[in-house]
Number of protein chains: 2
Amino acid sequence: MLTDSVAYILQPTLEEAYNLLREGLSKKRFIIAAGLCRVEYSGRAASKLEWGERVLLIKQDNSLLLHRAKGFEAVNWQPPGSIFTVKLEGDCLIIRSYRRSHQETLNIIFKEFTLLAHLHLADEAEFEMHLSEEEMYEAIASNPDLLEPGFRILSHQRRLSAGVADFTGYDSQGRYTIIEVKRKAVDTRAVKQAYKYLSAEVKRKAVDTRAVKQAYKYLSEFKERGAAVRGIIAAPSISVEAMKLAAALGLEFKKIDLSKCRVAYQKSRKGSLLEQSGV
Amino acid sequence: MLTDSVAYILQPTLEEAYNLLREGLSKKRFIIAAGLCRVEYSGRAASKLEWGERVLLIKQDNSLLLHRAKGFEAVNWQPPGSIFTVKLEGDCLIIRSYRRSHQETLNIIFKEFTLLAHLHLADEAEFEMHLSEEEMYEAIASNPDLLEPGFRILSHQRRLSAGVADFTGYDSQGRYTIIEVKRKAVDTRAVKQAYKYLSAEVKRKAVDTRAVKQAYKYLSEFKERGAAVRGIIAAPSISVEAMKLAAALGLEFKKIDLSKCRVAYQKSRKGSLLEQSGV
DNA sequence: CCGTGGATCTCGTGA
DNA sequence: TCACGAGGTCCACGG
């Protein structure tokens with residue numbers, strides 16, 4: 001059966017499946033298949049999966065996903081840009097996907113299909129993600145009071161090279177302050193990472209492998225010399241252990257209200273849109 | 001149309017889709033849908049996606065994946081265990097998935113379906129992954145010569161608590177040696193991590209937040225006192241930067257041949273299988 | 001091409 | 001439940 005946009009067969013023979021698959025692949029269509037198969041993968045690692053029923057998706061950019069009955073993750077896959085070959089061999093249909101960049105091969109051997117379809121997905125919409133670290137950052141940049149009343153931002157830059165803090169500035173008392181922004185709950189790992197950046201920033205030098213090591217040596221100086229410089233981790237929340245570590249490292253934690261961030265972001269965005277349209 | 005294992009409709013009306021979806025969900029079947037929809041997500045972050053054609057999978061454990069025409073990753077999703085509600089509202093069919101643990105809501109609003117099916121996937125096969133870190137570890141445990149000729153293993157344990165090295169032992173010269181195993185190419189991150197473990201092991205204490213900090217202070221001792229203790233990172237390869245850092249930290253890199261590992265693993269596995277069957 | 005860090009990461013494991 | 005580390009992680013970005 002065939003319509004403009006979709007071609008499908010329910011319980012096709014292997015030959016029917018072969019023809020439909022070849023057609024779908026050559027036309028770069030979205031392929032959906034369900035059936036009994038086994039799988040071999042070899043590349044960065046290697047895996048085997050014996051006979052069972054699974055669902056296969058092949059996308060219009062040649063990415064491939066093989067899903068089992070349960071679980072969020074695909075059991076086997078191939079990222080975009082792999083090369084397919086399909087062949088009939090005895091009573092099996094073999095789909096081979098090869099990815100050159102990692103020298104990875106995926107073989108899916110089908111014995112029968114429950115369902116096979118290919119279709120074109122018309123989808124030009126833009127995906128909008130909110131509450132990303134980027135957005136949080138923009139919100140703070142346009143409204144430093146979110147950090148602390150009276151805070152003045154000196155520098156703000158997305159992390160281009162390793163070891164640069166998100167914000168530097170002066171607090172209401174005029175103390176030099178360095179800020180690391182995290183969009184989600186801070187754990188000990190995040191504290192350590194933040195500490196590295198903040199230490200590096202204190203010394204105002206690029207972090208190469210030498211500086212990474214040295215950054216850790218500043219720990220004692222940090223604590224002993226007192227708060228000549230404030231180091232702040234700004235995030236929605238922090239774990240108990242992370243808080244302990246932050247305290248030991250002389251870092252402060254500043255709770256950031258995400259909903260306030262969102263409001264500030266909307267405002268700043270509106271502002272820039274108005275600017276652009278020359279109002 | 002209906003068979004034992006699959007129920008599907010091509011280009012169903014919204015009411016047909018509604019009934020088939022309800023049936024599929026209540027029977028915990030694998031649902032495959034393609035159609036025109038828009039999406040709202042809100043939880044740890046928030047996202048919006050306007051009208052476009054996508055493919056929806058709902059799995060037998062209530063995990064959900066929404067895929068666009070291209071890209072390996074799902075554009076929106078819900079991990080296993082979420083709760084579904086489906087309703088018809090005006091000229092739309094709304095699928096809502098709510099995940100309590102993270103307070104996340106996903107709304108998919110369909111205007112029309114190109115394809116809708118639900119089926120049961122019979123799949124009891126076990127997924128075998130080879131060349132995992134675990135397997136590499138087993139290979140080395142059963143054949144320490146893979147590390148270095150004459151190496152004697154003192155302790156070997158999977159990392160149960162943070163900061164415990166993979167292997168400790170004595171080299172052919174009788175020097176105490178600590179080994180961190182990595183399955184793949186070592187980068188600077190892996191070196192830093194390894195250094196933490198190795199330092200912690202030297203001091204033979206569990207790494208709590210205090211020890212994490214102290215571990216870095218041992219750097220100078222490590223270097224100044226010379227190689228009273230050897231620290232080895234064992235992996236298939238290492239990047240130039242990672243090698244520099246490792247050298248600066250007084251760590252050695254030991255290339256591990258994965259194919260040799262594999263052979264050793266097969267042998268050790270055969271041995272234990274023979275044991276089990278009492279031969 | 002490598003290196004670095006984020007992700008609605010997911011997933012397992014242990015405390 | 002949280003915390004931590006692995007992952008065939010994938011992905012974007014910079015050099």
Side-chain angles (χ1 to χ4, degrees), chain A residues 41-47 63 65 70-80 99 101-106 127 129-134 158-164 181-193 196-197 207-209 212 237-242 245, chain B residues 41-47 63-66 71-82 97 99 101-106 127 129-134 158-164 181-193 196-197 206-209 212 237-242 244-245:
Chain A
Y41 156 76
S42 163
R44 285 170 293 181
S47 73
S63 50
L65 299 156
K70 295 177 182 182
F72 164 82
E73 290 176 321
V75 64
N76 282 107
W77 70 88
Q78 203 71 284
R99 197 176 159 219
S101 60
H102 290 255
Q103 298 202 47
E104 292 183 301
T105 306
L106 180 64
F127 181 65
M129 175 68 87
H130 303 290
L131 301 182
S132 65
E133 190 168 323
E134 184 61 32
R158 285 283 67 198
R159 185 160 300 114
L160 300 179
S161 60
V164 178
V181 176
K182 291 286 168 198
R183 63 168 282 281
K184 58 179 180 178
V186 171
D187 60 13
T188 54
R189 266 186 288 178
V191 173
K192 288 174 218 164
Q193 200 185 0
K196 189 180 76 179
Y197 293 138
V207 167
D208 58 2
T209 55
V212 169
S237 68
I238 187 167
S239 74
V240 174
E241 282 304 300
L245 181 56
Chain B
Y41 155 75
S42 163
R44 285 170 292 181
S47 73
S63 49
L64 179 155
L65 299 156
L66 187 72
F72 165 81
E73 290 175 322
V75 64
N76 283 106
W77 71 91
Q78 201 73 285
S82 66
S97 164
R99 189 156 72 121
S101 60
H102 290 256
Q103 298 201 51
E104 291 184 301
T105 306
L106 180 63
F127 181 66
M129 176 67 88
H130 302 290
L131 302 181
S132 65
E133 188 167 327
E134 184 61 33
R158 284 284 68 198
R159 185 160 300 113
L160 301 179
S161 60
V164 178
V181 176
K182 290 289 166 198
R183 187 182 67 73
K184 56 179 182 176
V186 171
D187 59 14
T188 55
R189 268 190 281 183
V191 173
K192 287 173 215 165
Q193 198 186 359
K196 189 181 75 179
Y197 293 137
V207 166
D208 56 4
T209 54
V212 169
S237 68
I238 189 166
S239 74
V240 174
E241 281 305 301
K244 282 185 202 164
L245 182 55

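A note on names: the letters A, B, ... follow the listed sequences, proteins ahead of strands, and every chain is numbered from 1.
Protein atom CG of N76(A) is 12 Å distant from nucleotide atom P of dC10(D), rounded to whole Å. What separates OH of Y41(A) from C1' of dT9(D) is a distance of 11 Å, to the nearest Å. One interatomic measurement links the two molecules: NE2 of H102(B) to P of dA7(C), which rounds to 15 Å at whole-angstrom precision. One atom, CZ of R99(A), and another, P of dC10(D), lie 6 Å apart when rounded to the nearest Å. Rounding to whole angstrom units, NE2 of residue H130(B) and C1' of dA6(D) are separated by 18 Å.
Projected onto DNA chain C by closest heavy-atom contact, M129(A) and P80(B) fall at different nucleotides, the more 5' of which corresponds to M129(A).
Between dT9(D) and R44(A), a contact under 4.0 Å exists linking OP1 or OP2 to a side-chain N or O. An OP1 or OP2 oxygen of dC9(C) is reached within less than 4.0 angstrom by no side-chain nitrogen or oxygen of W77(B). Checking the phosphate oxygens (OP1, OP2) of dA6(D), no side-chain nitrogen or oxygen of K184(B) falls inside 4.0 Å. The shortest distance between the side-chain N/O atoms of K182(A) and the OP1/OP2 oxygens of dG6(C) is below 4.0 Å.
Contact check for K244(B) versus V240(B): side-chain heavy atoms found under the 4.5 Å cut-off. Between R99(B) and P79(B), the closest side-chain pair of non-hydrogen atoms falls below 4.5 Å.
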Dump the pairs, protein N or O against N or O of nucleotides 1-3 of chain C, anything under 3.5 Å, distances to one decimal.
| residue | atom | partner | partner atom | Å |
| --- | --- | --- | --- | --- |
| dG3(C) | OP1 | S239(B) | OG | 2.7 |

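Stacking annotation: F72(A) is not stacked on the base of dT10(C) (requires ring centroids less than 5.5 angstrom apart and an interplanar angle below 30 degrees).
Residues passing the side-chain contact (heavy atoms from CB on, under 4.5 Å) test with T105(B) are R96(B), Y98(B), N107(B), sequence neighbours excluded. Residues passing the side chain to side chain donor-acceptor pair (under 3.5 Å) test with R44(A), sequence neighbours excluded: E104(A). By the side-chain contact (heavy atoms from CB on, under 4.5 Å) test, S47(A) is found to be paired with Y41(A), N76(A), F127(B), M129(B), residues two or more places apart in sequence or in another chain being considered. Residues forming a side chain to side chain donor-acceptor pair (under 3.5 Å) with S239(A) (at least two apart in sequence, or on another chain): none.
Side chain R189(A) to base dG5(D): a donor-acceptor pair is found below 3.5 Å. No N or O donor and acceptor, one from the side chain of E73(A) and one from the base of dG8(D), sit under 3.5 Å apart.
Spacing of C1' atoms, dT9(D) relative to dG5(D), comes out at 13 Å, to the nearest Å.
Within 4.0 Å (heavy atoms only), Q78(A) reaches at least one base atom of the nucleic acid.
With values rounded to the nearest 0.5 angstrom, L66(B) atom CG is found 7.5 Å from L106(B) atom CG.
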